[in-house]
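Okay, so here's the structure we're looking at.
Letters A, B, ... are given to chains in the order of the sequence lines, protein chains preceding strands, and every chain is numbered from 1.
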2 protein chains.
Amino acid sequence: MNKTKRVTITDIARLAGVSPGAVSFALNGRPGVSEQTRKRILTIAEEHQWLPSSAARALGGAGAGVIGFAVNRSAGTLGAEAFFTDLIAGVQSALAENRIAMQMVLVSSIEEEVATYRRWHSANQVDGVIVIDPRDEDPRFPVLRDLTLPAVVLGSHASGEGHPATIWLDDRQVAHSLFDYLGALGHRSIAYVAGPAEFQHTRLRTEVLAGLGERGVSGEVIATDFSPAAASTAMRGLLSRLHRPTAVVFDNDVMAIAGLRVAQEMGVSVPKDLSVASFDDSVVAGLVHPSITCITRDTFGLGAAAAKFLLEQIDAPDVLADRIGAMPQLTVRESTAVPR
Amino acid sequence: MNKTKRVTITDIARLAGVSPGAVSFALNGRPGVSEQTRKRILTIAEEHQWLPSSAARALGGAGAGVIGFAVNRSAGTLGAEAFFTDLIAGVQSALAENRIAMQMVLVSSIEEEVATYRRWHSANQVDGVIVIDPRDEDPRFPVLRDLTLPAVVLGSHASGEGHPATIWLDDRQVAHSLFDYLGALGHRSIAYVAGPAEFQHTRLRTEVLAGLGERGVSGEVIATDFSPAAASTAMRGLLSRLHRPTAVVFDNDVMAIAGLRVAQEMGVSVPKDLSVASFDDSVVAGLVHPSITCITRDTFGLGAAAAKFLLEQIDAPDVLADRIGAMPQLTVRESTAVPR
DNA sequence: GGGTTTTACTAAATCGCTATAGTTGCACCC
DNA sequence: GGGTGCAACTATAGCGATTTAGTAAAACCC
């Protein structure tokens, strides 16, 4: 009803007494207008709160000015993990300076994720994407390559042939820092309550745990879907045995908290009778009682680095040099101790 | 380098042996093409994985196909609250069907939030926005009104003059359900560790607590910035007194968990010596020991409802009827009991 | 069978901006 | 003083869709 006519570049040009082209030059800081005229134009633009339409800009060859992030987690487990919000916050911090927006979408399978990338690309809706949870033989990578859609993967190791640009954290080393610590404390029977087996980091951590066999440490892996319910079930199973493990490591902090509760319910004292640790940290992990020994990584910084790297990839897609992220650190808290 | 030419409507038209206009008709299901031709066009489009460029579409009068969500929280507290991710997940669920995208941005002040709305509007980047944490005399509302930018507010009470469309939860009733319960248990001295005072729900909860004075309940409010550190400080202060409150209510679950830890450190047993509760629930609140009595609301459903309502507002901005969200429920857990 | 309507299209204008190819006017220069 | 160069613009052609006006052929109608 109230059809307020939108202010356009033509209006600004008319008000400034120049052509639309001149306004464009002034706005984008390129030669073709005198410094005096540029200032006048920019002042008028500001007065009328005019900004160029992003659609028109995108249409005229420039990119969409948007990066995409498709998250493949169920709504329930999403909220539980502080990882995502920290990551998003970090991404935002890097994008804000560049006037780039982030589009986020939740998907429920890797196929849907791939379809989303195709759609985004076809509709020219995003200039690049951030990809998490790389897998062995990941079906997303060939697609991203075919689409020539710039991407940055947050991954476990250096990228191979046909692999998109990657920021990698050495997950093998990360796994060592936690498992070795438990081994050094004297634990000889360690259980690892992991995420889905197809994730690379799950495989790497599993391998590291198995490798500890040489030192007389027996390891066991239980795969879950990251849900606290699955963690509880796993924990109950482990503690019902005749020979309990002396330490249980969880893939994330919410699962660890769920495990802690089961231990308490079953009268198992942490850390006296059992050590508990997590591969993922959060504010809450340090707040519960006992507080949980965790691998702490700078997720915010990681998100910022990923976003910056992606912007570089968008500008120059051919310079494909991987990056190494800041090494996660072991944060020892109350939940781990020397076994009885 | 690999300048793959993008597939356009003209390419599809040529392949189908029709004009671009005909392709547009076929795509958007409007009359002007025979059923037979429509099918042929759509098949060819699918074969070549063509989707109309969203930029071009937006330029041609249609909306941007994007809704915006500016979140005014610091990066740290954002990750702590499951509220946001649940809300976002709900929003997504409602948008996915309509092929609408969501843009999210983190801002650090209400001024920046307002500037973001102005920018989004000027650049024609979003079709509408979701607004949270309404305040008394909220500076965002007149701006949204002037911009005629469709908005849906998640609020505490029915909207007044010049107020955007609102989905409201009766925060007064919510506050009653928790405070009355504590009163009924026998608590006569209740502390409320709240968020920033300018939020409407903070004021309403405070008023309800004060209203309990008639029934002999003395209440006290401590304002914080939602951070766990502030909650710890507040809790330490409360428990150091000669006359401790018998119940402490926190504005969200992370603060409650922080408070719980302080109680444990100071040798105060929950719920024997002290009851603890929270106005916000999450998976973790039910997992810690003792599990925390909370107000549980269907945040996912709220997000979905907000998104749907916003889409309606965008279609028909003049039909301004408020909506009432599903009533939050009290979830009694282990952290509350009859006082000594 | 001539006139009207309907169907199924095409041609062309349009959205708001960017980019490229002019077009001035003025200084410079031997 | 005529050619060259440069600065500061303007004019115009896209970008890729939508949309309106126009048109040719088929269908309908008494």
Atom-pair distance (CZ on A:Arg6; C1' on C:dC17), nearest Å:
14 Å
What's the CZ-C1' distance between B:Phe25 and C:dT10, to the nearest Å?
9 Å
Under a 4.0 Å heavy-atom cutoff, the residues of residues 8-15 of chain B touching DNA chain D are B:Thr8, B:Ile9
Could you tell me the boundaries of the chain B footprint on DNA chain D, defined by atoms under 4.0 Å from its heavy atoms?
D:dG16 to D:dT20
Between A:Arg30 and C:dA19, does any side-chain N or O lie under 4.0 Å from OP1 or OP2?
yes
Base, sugar-phosphate alone, or nothing: which one does B:Val18 contact when heavy atoms must sit under 4.0 Å apart?
sugar-phosphate
Without hydrogens or angle criteria, can the side chains of B:Arg57 and B:Asn28 be said to hold a donor-acceptor pair below 3.5 Å?
yes
Would you say A:Asn28 reaches C:dT18's phosphate, i.e. side-chain N/O to OP1/OP2 under 4.0 Å?
yes
Checking A:Val71 against A:Val105 for the side chain to side chain contact (heavy atoms under 4.5 Å, CB included) test, could you report, in this order, the C-alpha distance in whole Å, the side-chain angles of both residues, the deciding distance, and whether it holds?
CA-CA 6 Å; A:Val71 180; A:Val105 67; over 6 Å; no
Please find the pair of heavy atoms, one from A:Pro134 and one from A:Phe141, that lie closest to each other, and give the distance.
CB-CZ, 4.0 Å
If every non-hydrogen atom of A:Asp133 is compared with every non-hydrogen atom of A:Arg140, which pair is closest and at what distance?
O-NH2, 2.8 Å
Are A:Ser53 and C:dG16 close enough that a side-chain N or O sits under 4.0 Å from OP1 or OP2?
no
Considering all heavy atoms, the nearest A:His121-A:Leu147 contact
NE2-O, 3.0 Å
Lys/Arg-Asp/Glu bridge criterion (N-O < 4.0 Å) met for A:Arg323, A:Glu312:
yes
Mind checking if A:Ser34 touches a base, just sugar-phosphate, or nothing, with heavy atoms under 4.0 Å?
sugar-phosphate
Grab the two heavy atoms, one from A:Pro31 and one from A:Phe25, that are nearest each other, plus how far apart they are.
O-CG, 4.0 Å
Which part of the nucleic acid, if any, lies within contact of A:Thr37, taking any heavy atom under 4.0 Å across all strands shown: a base, the sugar-phosphate backbone alone, or nothing?
sugar-phosphate
Looking across every strand, which nucleic acid part, if any, lies under 4.0 Å from B:Arg38 by heavy atom: base, sugar-phosphate, or nothing?
nothing
Comparing nearest nucleotides in DNA chain C, the 5'-proximal residue of the pair B:Leu59, B:Ser19 is B:Ser19
Locate the shortest heavy-atom distance separating B:Lys308 from B:Ala94; write the atom from each residue and the value.
CG-CB, 4.1 Å
I need the single residue from A:Ile44, A:Thr43, A:Thr37 that forms a side chain to side chain contact (heavy atoms under 4.5 Å, CB included) with A:Ile41. Which is it?
A:Thr37
